[in-house]
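Please read the structure below before turning to the comments.
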Amino acid sequence: MKKLLQFLPDGFTLAIVAMVVVASIVPCYGVGAVIFGHLTTLAIATMFFMQGARLSREAVVAGLAHWRLHLTILACTFLLFPLLAFGFSALFPHLLSPVVMLGLLYISLLPSTVQSSIAFTSIAHGNIPAAICSATFSTLLGVIATPIAVGLLLNTHVGSTGGEGFRGVGAIFAELLLPFVVGQLLRPWIGGWAARNKHILKFTDRGSVILVVYTAFSAAVMRGLWHQLPLSGFAEIILANAVLLAVVLTITTYGSRLLGFERPEEIAIVFCGSKKSAATGVPMANVLFGASTVGLVVLPLIIFHQMQLMVCAVLAKRYVRQYEAELRASGMTVSLVE
């Protein structure tokens, strides 16, 4: 019976699935969407503040200096994804419908997420400072690189993206980097308190992911998620996304080991290198694509975004179990795990 229970979804994964169901039945919109948006921002800012307060200055400097890891994550985000997607398009040009293929190619050109990548890295006991640096730089680079790549590779007329780009950069600094820096500056006074209250970080890690799932999926439902394609079209998108995500996760996991990275760095590579940002991709698509196609182009991204959160939640718990097993093997108690 105990062995069977190990394969059942944990509470965190079930909470994510529940949020998808709730968002499908009772999506937030109007004032509710604004309120949940602010709650999500608050949870993410609190998470980064607590990370800054807990991490030593030496750990942050080491994270910044970990150039091999940063290059590996950027290569996964901006080289591996496009090679897989465009290679698939060249080998099987008629296997997917044109609009689904366009959406898949657009996904491959997007930067990584920030908040969920770091949240999952933290949950799985990975290299958090390195994940913060890599995910943030990926997003900043994507603001410039993605519109150019879309214009060159997808033959799309690129409109004025300056406003969206600057707003995206401003949000990154205001909601993510600023709380982290404030936490670092206050560490001499509140570092001990932050270390004693690890449950707050655990709550904000998981809470921010759950809130992102609900608000993002609510927005997708309000955009007509369940009415834009027939059931066969959804099956096509889900299958294509699942294959792409599975291949990337396999390559990032075993590739990081072949490159000689330790498990904390492997965790950062897996969770930062396999993600694509809906927060960046959806508003950017509104600028890059025409009104008649933007909805269907964004739909594969929205589904991929939900899929990556669910799969990474399972992977994070698997890494936690490995971490707990190592603690037991070394004679330490599992109660030390956050």
Side-chain angles (χ1 to χ4, degrees), residues 12 43-78 80-81 110-142 171-173 175-181 183-184 194 198 201-202 204-209 212 248-249 251-253 255-257 259-277 279-280 305 308-309 311-320 322-323 338:
F12 181 44
I44 292 169
T46 304
M47 177 186 74
F48 275 79
F49 174 78
M50 291 294 292
Q51 295 283 14
R54 289 188 60 216
L55 290 172
S56 67
R57 200 66 48 84
E58 292 77 11
V60 175
V61 172
L64 285 168
H66 213 319
W67 61 269
R68 284 184 67 244
L69 183 142
H70 301 320
L71 288 178
T72 302
I73 292 175
L74 289 175
C76 292
T77 303
F78 294 109
L80 176 61
F81 264 101
L110 289 171
S112 179
T113 61
V114 179
Q115 60 266 33
S116 61
S117 295
I118 297 164
F120 283 124
T121 301
S122 175
I123 291 168
H125 302 280
N127 190 325
I128 300 170
I132 291 174
C133 298
S134 287
T136 302
F137 185 68
S138 172
T139 301
L140 294 174
L141 181 61
I172 290 171
F173 278 99
E175 299 174 15
L176 309 178
L177 294 184
L178 181 60
F180 180 81
V181 171
Q184 273 283 291
K198 296 178 180 179
L201 182 58
K202 181 178 179 180
T204 54
D205 282 344
R206 288 160 170 77
S208 62
V209 172
V212 166
V248 171
L249 285 172
I251 293 175
T252 52
T253 300
S256 60
R257 296 174 187 176
L259 291 172
F261 287 105
E262 300 293 332
R263 193 168 68 204
E265 285 70 43
E266 174 192 323
I267 291 170
I269 292 169
V270 168
F271 290 129
C272 296
S274 65
K275 294 284 203 324
K276 289 294 180 176
S277 175
T280 300
H305 181 71
Q308 70 186 9
L309 291 175
V311 173
C312 287
V314 176
L315 288 177
K317 296 303 291 184
R318 181 181 176 185
Y319 278 119
V320 169
Q322 292 175 354
Y323 181 78
E338 297 174 17

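What you see below is based on every heavy atom in this structure, not just the backbone, and it leaves out hydrogens, waters and symmetry mates. Sequential numbering from 1 along the given sequence is applied to the chain's residues.
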Using the side-chain contact (heavy atoms from CB on, under 4.5 Å) rule, take Lys276 and Phe81 through it: C-alpha gap first, then chi angles, then the decisive distance, then the call. CA-CA 10 Å; Lys276 289 294 180 176; Phe81 264 101; 3.4 Å; yes
Which atom pair, heavy atoms only, marks the closest approach of Ala135 to Cys272? CB-SG, 4.3 Å
Cation over ring face, Arg68 and Phe261, 6.0 Å, 45°: yes
Rounded distance (nearest 0.5 Å) linking atom OG1 of Thr72 with atom CG of Leu80: 11.5 Å
Which is it for Cys133 and His70 under the side-chain contact (heavy atoms from CB on, under 4.5 Å) test, yes or no, and what are the steps along the way? CA-CA 8 Å; Cys133 298; His70 301 320; 3.6 Å; yes
Measure up the Tyr319 and Phe271 rings against each other and bin them: parallel (under 30°), tilted (30 to 60°), perpendicular (over 60°). perpendicular
Could you go step by step and tell me if Cys312 and Ser116 meet the side-chain contact (heavy atoms from CB on, under 4.5 Å) rule? CA-CA 9 Å; Cys312 287; Ser116 61; over 6 Å; no
Short side-chain to backbone donor-acceptor contact, Ser134 and Ala131, under 3.5 Å: no
Nearest atoms (heavy-atom pairs only) where Ala268 meets Leu69: CB-CD1, 4.3 Å
Going from OG on Ser256 to CD on Glu265, what distance comes out if it is rounded to the nearest 0.5 angstrom? 9.5 Å
Val248 vs Cys76, test: side-chain contact (heavy atoms from CB on, under 4.5 Å). Steps then yes/no. CA-CA 8 Å; Val248 171; Cys76 292; 5.7 Å; no
How close do Phe120 and Ala316 get, heavy atom to heavy atom, and via which atoms? CD2-CB, 4.0 Å
Rounded to the nearest 0.5 Å, what separation is found between the OG atom of Ser112 and the CD1 atom of Ile118? 8.5 Å
What are the two closest non-hydrogen atoms of Val320 and Ala124, and how far apart are they? CG2-CA, 4.1 Å
Counterpart residues, salt bridge (charged side-chain N to carboxylate O under 4.0 Å, His left out), relative to Glu266 (two or more places apart): Arg257
Value for OG (Ser277) from NE2 (His305), rounded to nearest 0.5 Å, stands at 7.5 Å
Quick check: closest heavy atoms across Thr77 and Ser138, and the distance to 0.1 Å? CG2-OG, 3.8 Å
Rounded to the nearest 0.5 Å, the CD1 atom of Ile132 sits from the CG atom of Asn127 at a distance of 9.5 Å
Across all chains, not counting sequence neighbours, the side-chain hydrogen bond (donor to acceptor under 3.5 Å, both in side chains) partners of Thr121 are none
So for atom CD, which belongs to Gln322, do other residues, nucleotides or ligands contribute more than 12 heavy atoms lying within a distance under 6.0 Å? yes
Are the side chain of Lys275 and the backbone N or O of Thr113 linked by a donor-acceptor pair below 3.5 Å? no
